[in-house]
Amino acid sequence: MPVSFRKQISLFQIISSVTIIFRVEYGSAKITSSFVRSEWPSVDIPLDNEAFAIPEGHNAPQQVRITQGDYDGKAVIISWVTPDEPGFNTVQYGKSDKKFDFTAVGTVTNYNFYKYKSGYIHHCLVDDLEYDTKYYYKIGDGDSSREFWFQTPPKVDPDAPYTFGIIGDLGQTYNSLSTLKHYMQSVGQTVLFVGDLSYADRYQYNDVGLRWDSWGRFIEQSAAYQPWIWSAGNHEIEYMPYMGEVLPFKSYLHRIATPYMASKSSNTLWYAVRRASAHIIVLSSYSPFVKYTPQWQWLREEFKRVDREKTPWLIVLMHSPIYNSNSAHCMEGESMRAAFESWFVHSRVDFVFAGHVHAYERSYRISNIHYNVSSGDRYPVPDKSAPVYITVGDGGNQEGLAGKNYWVSSYLQFIIRFLDPQPEYSAFREASYGHSTLEIKNRTHAFYHWNRNDDGKKVPTDSVVFRNQYWASNLRRRLKKYLKAES
């Protein structure tokens, strides 16, 4: 049977995207941006600012946010906090505004941190949803109730277009607000968050909990309307023995829900979801990951479950970057690189997004999988099977940008800057605040943008068209299979 005109167009997209994208993925034009950010002071917004406004009404739900609630995108977990008492623990929802035909009942918990007592934290799983559908939901009761909405993704399909936002190291400064507002002006449908959320650990005693609350209200303007896929960073550890707090991730684990059991994970800090045409794997940089640990064993099995025929785009999230040419946190990701980089290359991962370094950097496709102690071959080399490594730890937190001097103690001062000369593996880098978007078009290509916050304006600064690692490799075999299936 002859191939239809639509199939011919798809065939042309495969061929042309591979031809064009080869030029941008394997070039040698390294760029270190000379742009100097005229930033607002890196100080947290005062608690009485409208960005942290408490909703009206007695015990009104606040800090509302959603995340994916299952493996394939037909469920959400809706979370919120009631400050004074448990209150109403039910989500009412439906497909029409003001018409809530269904209900789901959640769980409620709270915790103490030093002498701070949290509000009542609710997590409610809303499942059996329809794909590509707008849902309206209501939480709370009476005059204190609040209403929001969200859009479910298209069904899992290799050609399902979808746009992700990528944000990391956000905090709650005026620069953080700039990043969040600029992201909300984009066409992003889901946030991939690469760790370091509230930076509440930079406070002491009861202020730690208060700054978690203010941050929850701060992100509600986005997170109540679209899922944020969470990964944890070092600022979520909150190991503070001088306050009697020694349980790592205590605040994070109570406040942030993830669908970890749906991907057969044993821990909420590492898990996976499938959304539209993407398979997203979340790793924990600050949990054990060496051979035979639970995270290592889970990741080995999760890579076996990846089906590139259904979800061609394979994305990994972590906090500490594997490749980083900034003196800040240099080589901190080396142990995870040694543990997992060969799996990333073997599985042809498309992107590894990380944060931690308060700057932006994008790599070429490179790997260092042949390095061992005796080989002496210790430098990364171009590798068409390797991921692109992208650092987006530039959300806007109070520690400032990794591109200038800053004091880390009363006695020591470190020079935080990009290494000179720029390594061969580094394609683009800049010490500015911003966010990224990944626009997946189909199974063959995606458009990627990093958007700088330029003095209050959103400025597309680094833009690349990427090929898909699975469908663009072994092209002849893929085309033959594709044409046979579509004819």
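Just so you know, these numbers come straight off a predicted model, no measurement behind them.
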Trp450 and Phe428 aromatic ring geometry - parallel, tilted or perpendicular at 30°/60° bounds: tilted
Tyr225 side chain reached by Phe150 side chain, heavy atoms, under 4.5 Å: no
Tyr93/Phe102 aromatic ring centres below 6.0 Å: yes
Any side-chain donor near an acceptor of the partner, Tyr323 and Glu334, under 3.5 Å: no
Between His122 and Thr82, a side-chain donor and acceptor under 3.5 Å: yes
Phe351 and Phe353 aromatic ring geometry - parallel, tilted or perpendicular at 30°/60° bounds: parallel
Value rounded to 0.5 Å, distance of OG in Ser265 from CG in Leu299: 10.5 Å
Of Asp157, Asp307, Asp72, the residue whose pairing with Arg274 passes salt bridge (charged side-chain N to carboxylate O under 4.0 Å, His left out): Asp72
Gap separating the CG atom of Leu269 from the CD atom of Gln295, nearest 0.5 angstrom: 8.0 Å
Under 3.5 Å donor-acceptor, Asp350 side chain and Gln469 backbone: yes
side-chain hydrogen bond (donor to acceptor under 3.5 Å, both in side chains) evaluation trace for Gln172 with Asp44: CA-CA 5 Å; Gln172 44 194 303; Asp44 281 348; 4.9 Å; no
Considering all heavy atoms, the nearest Thr67-Ala257 contact: CG2-O, 3.3 Å
Mutual orientation of the aromatic rings belonging to His358 and Tyr199 [parallel < 30°, tilted 30-60°, perpendicular > 60°]: perpendicular
Donor-acceptor contact below 3.5 Å, side chain Ser176 vs main chain Gly396: yes
Ring centroid separation Trp228 to Phe193 under 6.0 Å: yes
Step-by-step salt bridge (charged side-chain N to carboxylate O under 4.0 Å, His left out) determination, Asp462 to Arg362: CA-CA 9 Å; Asp462 183 32; Arg362 171 176 57 84; 2.8 Å; yes
Within the 6.0 Å centroid threshold, strictly below: Tyr433 and His435: no
Flag for His182-Gln185: side-chain donor and acceptor within less than 3.5 Å: no
Short N-O contact, Lys264 and Glu301, less than 4.0 angstrom: no
Aromatic contact, Tyr162 with Phe164 (centres under 6.0 Å): yes
Between CZ on residue Arg211 and OG on residue Ser198, distance to nearest 0.5 Å: 9.5 Å
Worked check of side-chain contact (heavy atoms from CB on, under 4.5 Å) between Asp201 and Ile237: CA-CA 8 Å; Asp201 69 329; Ile237 297 174; over 6 Å; no
Working for side-chain contact (heavy atoms from CB on, under 4.5 Å), residues Leu283 and Ile281: CA-CA 7 Å; Leu283 299 179; Ile281 293 175; 3.9 Å; yes
Residue pair Lys138, Asp97: steps toward the salt bridge (charged side-chain N to carboxylate O under 4.0 Å, His left out) verdict: CA-CA 10 Å; Lys138 177 181 178 181; Asp97 192 13; over 6 Å; no
Under 3.5 Å donor-acceptor, Glu147 side chain and Tyr136 backbone: no
Side-chain donor/acceptor of Thr391 to backbone N/O of Tyr360, under 3.5 Å: no
Main-chain N/O of Val194 paired to His319 side chain as donor or acceptor, under 3.5 Å: yes
Within the 6.0 Å centroid threshold, strictly below: Trp313 and Trp471: no
Residue pair Thr152 / Lys134, side-chain heavy-atom distance below 4.5 Å: no
Thr293 (side chain) donor-acceptor with Val290 (main chain) under 3.5 angstrom: yes
Polar side-chain atom of Asn468 near backbone of His445 as donor-acceptor pair, under 3.5 Å: no
Reported CD-to-CE distance for the pair Glu245 and Met240, which is rounded to 0.5 angstrom: 8.5 Å
Rounded distance (nearest 0.5 Å) linking atom CD of Gln226 with atom CD of Gln189: 8.0 Å
Short side-chain donor-acceptor distance under 3.5 Å, Ser79 and Arg255: no
Working for side-chain contact (heavy atoms from CB on, under 4.5 Å), residues Ser436 and His449: CA-CA 6 Å; Ser436 296; His449 307 274; over 6 Å; no
Close side-chain approach of Asp196 and Asn397, heavy atoms under 4.5 Å: no
Within-4.5 Å side-chain heavy-atom neighbours: Ile77 and Cys124: no
Under 3.5 Å side-chain donor-acceptor pair for Thr437 and Tyr448: no
Expected output: side-chain Asn326 to main-chain Cys330 donor-acceptor under 3.5 Å: no
Geometric class of the Trp215/Trp212 ring pair [parallel <30°, tilted 30-60°, perpendicular >60°]: perpendicular
Side-chain touch Gln63/Asp213, heavy atoms, less than 4.5 angstrom: yes
Full working for side-chain contact (heavy atoms from CB on, under 4.5 Å) between Lys115 and Tyr205: CA-CA 7 Å; Lys115 296 180 181 180; Tyr205 306 113; over 6 Å; no
For the student: nearest non-hydrogen atoms of Ser277 and Pro158, plus distance: CB-O, 3.6 Å
Student check: side-chain heavy atoms of Thr311 and Arg308 closer than 4.5 Å: no
Presence of salt bridge, Lys74 and Glu130, under 4.0 angstrom: no
Polar side-chain atom of Ser96 near backbone of Lys99 as donor-acceptor pair, under 3.5 Å: no
Donor-acceptor side-chain pairing of Thr179 and Asn453 below 3.5 angstrom: yes
Qualifying residue, where the test is side-chain hydrogen bond (donor to acceptor under 3.5 Å, both in side chains) with Gln62 and the options are Arg217, Glu220, Arg146: Arg217
Pro161 versus Pro154, closest heavy-atom pair with distance: O-CG, 4.2 Å
Separation between CH2 of Trp230 and OG1 of Thr268, rounded to the nearest 0.5 Å: 12.0 Å
Min side-chain heavy-atom separation Phe344-Val316 under 4.5 Å: yes
Side-chain (Gln221) to main-chain (Phe218) donor-acceptor, under 3.5 angstrom: yes
Residues Glu439, Lys441; criterion salt bridge (charged side-chain N to carboxylate O under 4.0 Å, His left out); working and verdict: CA-CA 6 Å; Glu439 300 177 41; Lys441 296 299 183 181; 3.4 Å; yes
Heavy-atom side-chain contact between Ile256 and Leu197 under 4.5 Å: yes
